[in-house]
Amino acid sequence: MSLRLTREARILKAREYAHIFKGGKIAKGKYWQVIAKPIKEPRPRLGLAISKKVYRLAVDRNRFKRIARETFRLGQQHLDNWGFVVMVRKSKPVRGHVLSAELLDLFKKVTKI
RNA sequence: GAAGUUGGUCGGAUAGUCGCUGGGCGUUCGCGUCGAGAGGAAAGUCCGGGCUCCAUAGAGCAAAGUGCUAGCUAACAGCUAGGUAUGGUGACAUAACGGAAAGUGCUGCAGAGAUUUAGACUACCCAUUUAUGGGAAAAGGUGAGAAGGUGCGGUAAGAGCGCACCGCGCGUUUGGUGACAAACGUGGCAAGGUAAACCCCACUUGGAGCAAGCUCAAAUAGGAUGGCAACGAUACUGCUCGUAUAAGCCAUCGGGUAGAGUGCUAAAGAGUUUUGGUGACAAAAUUCGUAGAUGAAUGACUAUCUAUUACAGAACCCGGCUUACAGACCGACUUCACUU
RNA sequence: GGCUGGGUAGCAAAGCGGUUAUGCAGGGGCCUGCAAAGCCUUAUAGACCGGUUCGACUCCGGUCCCAGCCU
C-alpha cells in the first residue's frame, strides 16, 4: 500500500458519517476526539468533522484538517480497516507534531476498545 | 544627531523527499508526464456596481439614504484638489460641514429670572414716612447657556447713551467656475442651544440575491390523457339496462424530489513606456495570459540562510470603506540641538 | 456564502435624552425558646471604543460576543 491519500480513502457522504456516528466507538484525547466503526472496504477511511464552534477562524480549522490528513496518510498502513471520524476539542495552541502524535495514538487506541 | 509628520513597497528564500486540487498530453484506465495553484487585508458584510430572476404605461405620495465647493468614476456614503472651522511651534491632522428669521417639540437640577421686545436675590443711586416708592441693568451669585467684548467719555447711580478698536448683521464693489475671500460703506447689536428630535430644502433609490438562476433527471414517490381488461368488481338496486367510482396492465405527455451538470472565471484585467492634467484619473502604444475547490486543495519532513515567523485561508466577480498585522525597506517634509 | 435579532447587578427581567425599576439570591437587623415564613434595611448594574449633545443605558458609527433563518 502506498502513502497516497485518495478520495476512496475519504469519507465524503453525509450518510456514511451518520452510519459511523451511530454506534461508533469513541476515544477522547487532550486535543482530539475520534469516533470509529468497522467498515466493509479493505482499507481504513478518514472523515473530518472540525466544528466552527470550537475554532472560529478558518485558518485554525484548516490547520487541524491538514494535520489530521497528514497523520492518517503516513500511518494508514498500520491501521485497521475502520472508518475514522476526527473531531477537535478546544485547547491552547501547541506544536504540530504534538497533535500528530496524539492523533495517531487515538487511531490505534479506538480499535482496541 | 534626536524627536516627529506623511506617501509607498515587501511580508520568508533556495534545494531535496513524500503528498493534495484543477488543466494539457500519453495510456495497458492501474497510472505516467508537463506545467499551474490564496491575500493585502482573501476578514467584517458597512456602501456602490456588474450578473441573474421577479415586478414595472407614465407621474406623484410615502419610506430610506446622502448633505461646504469643483472635479474623477460604471457607480458610491469612495477618491482628488480646494474653502471654512478646530487642534498642533511646525510638517500636518481631524470634521454627518445645508437650514434654528417656515412651524412644532425638548431644555432635568441650580438660579430672582431659561426664550419672552426677560428679570431684580445680594448689592448700587435718589427720595422720604427706615421700609416703602422710584431709577438703573454696570458688580456679585446660579447654570451648558443670562440681551456683544476692551478702553475712554458720560451720569445721582448707570446704560451702545456717545466715541475708538475688535466681533456681529446688512449693502456695494473687486477676485474666484464655485464654496468663499478681501476692501469700502452702514446699523448701535438684531436674542440661547438642539435638526446623529420631528421637520424644511436639494439630490439619489423598484425588490431579492450564485443556497440567484438555467439544463438534464432515478424510483417500490406521484399527476394528466388515451387504450386494454370487459360479457369483470363495487354503488344507485331485489333483478335487467344505464351511469358513476376504485384497483390492475400498457402507451404518451408535462411537472419535478434525490442526484448530476452549468453559472465558474478573460476581467470597468495587470505590468512598462509616452502624452494630457496640480491631482484623483484619462488616452495611446507594447508585453503578459493569471486558483476554481464542493466534508471543500498550497501541507509535512530534512538541510542552509542568526530563524518554532505577524495578521490571517479564495467559494460568482469587481470598485471602495472599516478593522487586524511580527518584522524589513524606500521617498518627501517639519521642529530642536550641535558643527562648518 | 447570504440574511436577521440581541448584549442592563450573581440570576431573571422592564423602561426612558435628565438619580436605572422589580423579583429571586447575598449581607445586617426585627420577630422566635431556636428556625422557617413575614417585615425593615443594605451592597452590587448598562459588552467594549469613539462621536453628536450642556448632559447618552437611550441617538449615530465601529469592534467583540451570543442566538436564529435560508439546505
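Per chain, numbering begins at 1; letters A, B, ... match sequence-line order. A quick note: this is a predicted structure, and the numbers were derived from the prediction, not measured.
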Could you work out the separation of [N] and [M] based on their [atom1] atoms and round it to a whole Å?
| N | M | atom1 | value |
| --- | --- | --- | --- |
| B/C321 | B/U80 | P | 9 Å |
| B/G78 | B/U204 | C1' | 16 Å |
| B/C125 | B/A114 | C1' | 29 Å |
| B/A43 | B/C53 | C1' | 30 Å |
| B/C76 | B/A282 | P | 15 Å |
| C/C64 | B/A324 | C1' | 13 Å |
| C/U20 | C/G46 | C1' | 8 Å |
| B/G23 | B/G289 | C1' | 14 Å |

Would you call [N] syn or anti, using the 90° rule around 0?
| N | result |
| --- | --- |
| B/G22 | syn |
| B/U306 | syn |
| B/A38 | syn |
| B/G193 | anti |
| B/G40 | syn |

Give me the atom names and distance for the closest heavy-atom approach of [X] to [Y].
| X | Y | value |
| --- | --- | --- |
| A/R69 | A/L48 | NH1-CD1, 3.6 Å |
| A/W32 | A/R89 | O-CD, 3.4 Å |
| A/I50 | A/K65 | CG1-CG, 3.6 Å |

Choose from [options] the nucleotide whose nearest atom is closest to any side-chain atom of [X].
| X | options | answer |
| --- | --- | --- |
| A/R69 | B/A314, B/A297, B/G299 | B/A297 |
| A/K65 | B/A297, B/A300, B/G313 | B/A297 |
| A/A49 | B/G313, B/A297, B/G295 | B/G295 |

Should [N] form a Watson-Crick or G-U wobble pair with both distances under 3.5 Å, which nucleotide is its partner?
| N | answer |
| --- | --- |
| B/U117 | none |
| B/G153 | B/C161 |
| B/U69 | B/A81 |
| B/G148 | B/C166 |
| B/C333 | B/G4 |
| B/G299 | B/C18 |
| B/A270 | B/U287 |
| B/A282 | B/U275 |

Just the rounded figure in Å: distance from [atom2] of [N] to [atom1] of [X].
| X | N | atom1 | atom2 | result |
| --- | --- | --- | --- | --- |
| A/L48 | B/C20 | CG | C1' | 13 Å |
| A/R61 | B/A38 | CZ | P | 21 Å |
| A/R66 | B/G299 | CZ | P | 6 Å |
| A/L74 | B/U17 | CG | P | 17 Å |
| A/L104 | B/C301 | CG | P | 15 Å |
| A/R63 | B/C20 | CZ | C1' | 18 Å |
| A/E70 | B/U17 | CD | P | 16 Å |
| A/D60 | B/A43 | CG | P | 16 Å |

ask   = When you look at NZ of A/K37, are more than 12 heavy atoms from neighbouring residues, nucleotides or ligands closer to it than 6.0 Å?
value = yes
inquiry  = Could you tell me if the side chain of A/W82 sits less than 4.5 Å from the side chain of A/P44, heavy atoms only?
reply    = no
request  = Ignoring hydrogens and angles, tell me if any N or O in the side chain of A/E102 forms a donor-acceptor pair with the backbone of A/K30 under 3.5 Å.
outcome  = yes
task = Working to the nearest 0.5 Å, report the span between OH of A/Y31 and CG of A/L103.
result = 12.5 Å
query = Going from CZ on A/R43 to CG on A/N81, what distance comes out if it is rounded to the nearest 0.5 angstrom?
reply = 9.0 Å
inquiry  = On the side chain of A/R73, is there an atom forming a donor-acceptor pair with the base of B/C18 - under 3.5 Å, no angle test?
reply    = yes
remark   = Closest to the 5' end of RNA chain B, once A/I67 and A/N62 are matched to their nearest nucleotides, is A/I67
